[in-house]
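Atoms within a ligand are numbered from 1 in the order they appear, just like the ligands themselves. Because the structure is predicted, anything quoted here is derived from the model rather than measured.
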Amino acid sequence: MAHYSPAMDAPVPALARRAERCAEALRDAEDLLVASHIDADGLTSAGIASLALERAGVAHESTFEKQLDRSAVEGYVEAGHDVVWFTDFGSGQLDVITEYDAFTPVVSDHHQPADVDADYHCNPLLEGLDGGSELSGAGATYCVARALGGAANRDLAALAVVGAVGDMQTTGGELVGANADVAEEGVDAGVLDVSRDLAVYGTQTRPLPKLLAYATDVEIPGITGDRNGALRFLDGLDAELREGGEWKTWAALTEAERRTVVSALVQRALRTGVENAETLVGTRYTLTAEEPGTALRDASEFSTLLNATARYERADVGLAICRGERGEALEEARSLLREHRRTLATGVNVVREVGVEREDHVQWFDAGDRLPETVVGIVAGMAMGEDGVAADVPIVAFAAKPDAPDVDGEALKVSMRGTPSLVERGLDLSAVASTAARAVGGDGGGHEVAAGATIPAARRADFVAAVDDEVAAQLDV
Ligand SMILES: [Mn+2]
């Protein structure tokens, strides 16, 4: 008889033993709390955790935090749980978590761990995998779910893919490393389809002219931002793109019709000198068990819907959807997303009204309390290239942050956005946010192309100066 090794049936063999240990602690829990980050990766993590626990017959509650700070941990201690499963956060806070001896912490996360030994800790960084591109929080949680329930939990890989896509873990348009292995399990389980397709947001739900006109990742002259241009382009194609007078969605096209549109788009892009035309095609992750024509069918649209629930602090709605509820929960999420899009549309006007200041190497604006701190970063990204806002200069956006217990006095939420070409030249906003925030008594981090921080409001000018210096050093100007 072959000796049983957990790695034999593990989506990510390097994490098999860690996942097994976590699963053991969870099975023994008597009063279990799942605590998760409130964003698309965190919501899918919580969904995976909750479904896996339910299937394993382990009763549990769920809770969400924007940030896992000391007061949140103290809340869990006071509630008297014997085990707390932290998903999509927890690794970096293990020093604080382990100060309290009240509960057993189980962590499945992909962020930089604190320098503390923990018995139940599933994190790709501990095994030499990249936590930014090879496995998300939902992926790490999926590993534990697989250890809990075996191959029967492979259907949860679809949620893990939504989490990874929502966490911006794609590299060159596709998931790589352990994320790709997780996706493969979803394909094997029959819940996921991975294909090369038009890499544009909204293929399930947007009519074709809107799909093309709103797609801004690749700017095609005469189509991007130009609904009439997009209409003319589509009308000129030799394909039946309408049905009963209505434009079809991308999802409703046949393979042949899709090929016709893609090749005409690529030709137009090449003819008009678009440099990144090849990025028009990318890898698409389709959740095949979901209804065609709904946002949930596409990993990218699914994650956008979840982010809308997170931004407006309706994690209950996001979690319900991840757990398979439809009906009212889905309606609520859709209406939050519509509301979100309206906020964004008015947001760009707010930027125009408050005005954008130009420093040597960055530009910035302060929206005060006129924009929710949860959307100011997206608005900043959208404003780049608009009237009076440079498209090729990093932008720093401030908004009032009423609830920031870690900052003395009034606080500001900071969001920064760059562009892929600035990143190619050396920009790393994650480093900028963390260094500049620390210099003024705040806290920051994020990604190369998008980062955030919380700082004392009184130090805004010092912060801008520190950001300007850092960016100058990175871009070597
Ligand atoms: Mn994450």
Any salt bridge linking R326 with E291? Criterion: basic side-chain nitrogen under 4.0 Å from a carboxylate oxygen. no
To the Mn ion (ligand 1), the closest N, O or S atom belonging to D41 is OD2
Mind running salt bridge (charged side-chain N to carboxylate O under 4.0 Å, His left out) on D9 and R146 for me, showing each step along the way? CA-CA 9 Å; D9 174 49; R146 284 281 277 101; 3.0 Å; yes
H37 near the Mn ion (ligand 1): N/O/S under 2.8 Å: no
N-O pairing of D366 and R460 below 4.0 Å: yes
Please determine if the Mn ion (ligand 1) has an N/O/S atom from D39 lying under 2.8 Å away. no
Angle at the Mn ion (ligand 1), OD1 of D88 to OD1 of D167, rounded to 10 degrees, please. 160°
Does a side-chain N-to-carboxylate-O contact under 4.0 Å join R17 and E20? no
